[in-house]
Amino acid sequence: MTTQSQPQPQPPPPPPQQHTVRKLVVVVEDGRDLLPKDGQGSSSPYVIADFDGQRKRTSTRYRELNPVWNEPLEFIVSDPKNMDYEELEIEVFNDKRYCNGSGRKNHFLGRVKLYGSQFSKRGDEGLVYHQLEKKSVFSWIRGEIGLRIYYYDELGEEEPPQNQPPANQPPPEEPSQNPPPHVVVEEGRVYEVPGRHVEICHPVQENVSHYQPPQVGILQESPPHVVHVQPDPHQVLPPDEMVPPAVPEVRKMQCGTADRIRVLRRPNGEFSPKVINTSKFPGETTKDRIHPYDLVEPMLYLFTKIVKARGLAPNQNPYVKIRTSNHFKKSKPVMYRPCEPTDSPEWNQVFALGHNKNDSVNATLEISVWDAPSENFLGGVCFELSDVPVRDPPDSPLAPQWYRLESGASEQNNRVSGDIQLAVWIGTQADDAFPEAWSSDVPSVAHTRSKVYQSPKLWYLRITVIEAQDLHIASNLPPLTAPEIRVKAQLGFQSVRTRRGSMKNHSSTFHWNEDLIFVAGEPFEDSLFLLVEDRTNKEAILLGHIVIPVSSIEQRIDERHVASKWVGLERRDDGCGCSGPYCGRIQLKMCLEGGYHVLDEAAHVCSDFRPTAKQLWKPAIGILELGILGARGLLPMKPKNGGKASTDAYCVAKYGKKWVRTRTITDSFDPRWNEQYTWQVYDPCTVLTIGVFDNWRMFADVSEGKHDNRIGKIRIRVSTLENNKVYTTSYPLLVLCRSGLKKMGEIELAVRFACPSMLPDSCSVYGQPLLPRMHYLRPLGVAQQEALRGAATSIVAEWLTRSEPPLGSEVVRYMLDADSHTWSMRKSKANWFRIVAVLAWAVGLAKWLDNIRRFRPKIPSGMDIRLSQAEAVDPDELDEEFDTIPSSKPPELIRMRYDRLRMLAARVQTVLGDFATQGERLQALVSWRDPRATKMFIGVCLAITLVLYAVPAKMVAVALGFYYLRHPMFRDPMPPASLNFFRRLPSLSDRLM
């Protein structure tokens, strides 16, 4: 009897592999004030969104100039890593089917272009209204569109290859010739019939070539890395012997051809910048250099990473000694806990010892483990430096390995056991481990290590105090005396008080309708205190107060309306006039403004003009690279070891929100840092600030009350740097002391602005407003802006002081020019001579014309009391005018008058500086200080010349007249492009000390 064999069961198919899919959601909320295009004073708009080769459409809103869609459009991000450089284009059209005219295509109503860097993660998005832009110069566009854009990641399953179907799967059915009943196919588009949402899907072709952004846009802000073009630090010439080469050196750089710049004119003598020697290492070839394109010289280090040990002999607090022929370092001892084993300590420390290629021959590295209290030897290992591998990023880091601990020649009697896990390699300061390593040229103190800082995200907090009701005011006021009720708002150290409230019909209701603005920094941990005070008498009486957490206040990034709300006042326990638990209420409007740029620097030396809200940021136009080479001839800053002077210098650079600090080189008048940093550039009309300081905080026992001394500071305007050109220059470090101007030394820098030459985006920046849109729609006063800037400086200084290692408040305030608004006779004279230099040609022309033509009045002129300001004179001013010299008044009165004079002189000084700045910007049009601006100005002049040659002058005058007298509906509230271009021109204000 035969047994039929059962079919073997097929193994189950493997589960599909999951991968992360990123999706982008564009929620089209609504539109505002669109242009009528249907011939009947209205439009029927719809929106088309195009992203990564995918096009989707909203439904049409019939005859709506303020349409509301509230429709999400979802896209798949094909390359999440490069999403920041993908472009999202939003276009608004008028549907021709609802127009009376017989147009062939839909009317264009405007468009908006956004980049992936402006997208927010789901949960952090906000409603942003974007101004609709023109497609061409002759387009007539107005209005704005509200968008809410966010992205999220989800897990998806990878589809099996189409040419290999899974086993036991039936063949696919033939596709139906008829589409589903709920889909209409027309001209390659798919329309969903049910509901109001109509989506047009265009299939993405596989062979579509996506736009690749320029290489400079891919660079990110990175920690310091090394460059290899400078001479050996042991063979450099002193500053007096540095002579620039006769022929500038030209080399191929990372972002194009870079040539060294020679400074031909030195108007300030020894205080002028000068080129430094950039010759190669003696006997070195191009192949010997690891990074021939970077900005600083290579500094070799022997890296030793000590991870942990196991199986050690009995010990209490083990530590590691690292010794070479030139260096000796010790790790921190491990303090055991009661529950931890005593034979498996963990250190996780990296040491960077200075290394020389010539020292590798017959040299060794000794690593030994010791017990801290008893100094017992627990074992060690030894390496030949000639066998140590060389690591060059972007190579992966070396994996630590276990090594058997051995006993030394003098410790044969001790019991040695166990293993140690470590890694040893030779690298440069470009190594990833260098920023956190303990270097041999830096003491093992936290205050001496290099660090990258980020300024806190600052917001303007706007509080609108509208009115208060049912206040309990004292009834024993004198007759015909109106109570003086004020509202005091306090946020941290900031305190602002409203003006006197106006009483309504002799009731307990008071009106203010006044804005109070503060600076708030993330994270919002503080609370806002509002106090309603009765200041009728000398002593203020508190009528009620409220406490509002800043984190509970809503955020806005445009000028949309914020609803007001009533808040009840709380009652104090002591006498405040309240007879019951109810003390009245106050009406407020509160919001955190994200459409402003919070200034923490002086406006003429600002390094960033981006608004607070990230959704409003434009894409970067280039990369700014700074190589901090070193300093020469620094003066001694502190006494040491019985009168021996020394200097422990470090360098700080600030651009935008990013601060960098080099490591401290101790006891050296010629420190060599050789650290390189990069920043994203969003606006070329900004300034990079570099300062050098002497470190006092490294001495923990004597730093009480001591601050880091300033050695000098320089500024570099980015717009004055040519594209992809390296400037290697030595700048003098100047400090103004009570004894006069003092040169503290020189700092050597290498700077490069990597930007595509004359890119349309970089040129269009010159026609855009310098500050964000909210600064022009709801501007802040000059005095208010200065007060808010002082508050922002204090918040940034307090934030960076809490970092590790801390950046002292004196360093932050010096870098941000916190005292630039104070009056100085020197600054006033400098601004006056700037004006004289600008108007020198005009003064000469006026004198020449005056000699040619004389003008005489018909009758002699008499005294003019209005011109003399003699109509209404303050008695104190008259008393000061008729006072004798020297003054006979009491010292208190003289001090008051002197302070008043300083305040007035500070305002005059500011006006003089602003006037001189405008003249210097006019001169900068043809001075080639900003090469991009001069090229654009010459191009515009050429175009104007051709127009005036081809068009009669009368027609040009008529066209200009019609343009100047155009209807307000054609006017833009933002400044014109010509004014924006002029405001971005460089002046000499950033060169003032």
Side-chain angles (χ1 to χ4, degrees), residues 222-237 276-284 286 288-305 322 324-327 329 350-360 363 365 385 388-395 397 424-444 448-452 625-632 634 648-651 653 660-678 692 726 728 730 747-750:
S222 58
H225 57 280
V226 90
V227 210
H228 301 261
V229 292
Q230 298 296 331
D232 193 341
H234 301 289
Q235 300 183 9
V236 293
L237 298 176
I276 62 176
N277 196 352
T278 57
S279 60
K280 300 178 182 179
F281 290 98
E284 181 193 51
T286 306
D288 296 332
R289 290 178 293 164
I290 304 177
H291 297 284
Y293 51 80
D294 281 346
L295 302 181
V296 298
E297 63 189 46
M299 300 182 67
L300 294 179
Y301 287 93
L302 175 63
F303 289 90
T304 305
K305 182 177 181 180
I322 302 176
T324 63
S325 58
N326 299 325
H327 304 286
K329 281 286 184 179
V350 181
F351 299 89
L353 308 180
H355 181 67
N356 194 343
K357 294 181 179 179
N358 299 328
D359 297 340
S360 299
L365 169 66
L385 294 186
V388 175
V390 177
R391 176 179 178 261
D392 180 26
D395 295 346
V424 180
W425 71 93
I426 295 175
T428 62
Q429 64 266 53
D431 200 288
D432 299 337
F434 182 76
E436 301 298 330
W438 293 108
S439 178
S440 59
D441 53 2
V442 175
S444 300
T448 60
R449 303 171 68 179
S450 60
K451 198 70 175 179
V452 178
E625 300 174 88
L626 172 65
I628 305 175
L629 305 178
R632 299 288 185 186
L634 298 182
D648 307 314
Y650 67 93
C651 186
V660 298
R661 169 181 176 158
T662 66
R663 65 192 188 279
T664 301
I665 306 298
T666 59
D667 198 8
S668 175
F669 300 134
D670 300 317
R672 307 301 296 175
W673 292 292
N674 287 299
E675 299 183 15
Q676 182 171 338
Y677 301 90
T678 60
V692 183
V726 177
T728 306
S730 177
I747 183 173
E748 299 174 359
L749 303 173

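The structure displayed is predicted, hence computed values, not measured ones.
We find the CG-CG distance between L302 and L365 to be 5.5 Å, quoted to the nearest 0.5 Å. Here the CD-CG distance, from Q676 to L626, works out to 8.0 Å after rounding to the nearest 0.5 Å. Rounding to the nearest 0.5 angstrom, the gap separating the CZ atom in F434 from the OG1 atom in T428 is 9.0 Å. The distance from atom CH2 of W673 to atom CD1 of I628, rounded to the nearest 0.5 Å, is 7.5 Å.
Side-chain contact check for P397 versus F303: every heavy-atom pair is 4.5 Å or farther apart. Looking at L749 and T728, their side chains never come closer than 4.5 Å, going by heavy atoms from C-beta outward. Considering only heavy atoms from C-beta on, I665 comes within 4.5 Å of R663 through its side chain. Between V350 and E436 there is no side-chain heavy-atom pair separated by less than 4.5 Å. Looking only at side-chain heavy atoms (C-beta outward), S450 and E675 come within less than 4.5 Å of each other. No side-chain heavy atom of I426 sits under 4.5 Å from any side-chain heavy atom of R391.
Checking side-chain atoms of T664 against main-chain N and O of T666 turns up no donor-acceptor pair under 3.5 Å. Q429 places a side-chain N or O within donor-acceptor distance of the main-chain N or O of M299, the cut-off being under 3.5 Å. The backbone N or O of C651 sits less than 3.5 Å from a side-chain atom of T662, completing a donor-acceptor pair. Judged by distance alone, with hydrogens and angles left aside, the side-chain atoms of R449 form no donor-acceptor pair with the main-chain N or O of W438 at under 3.5 Å.
Evaluated for a side-chain contact (heavy atoms from CB on, under 4.5 Å) with K329, the options T304, L353, T324 yield exactly one hit, L353.
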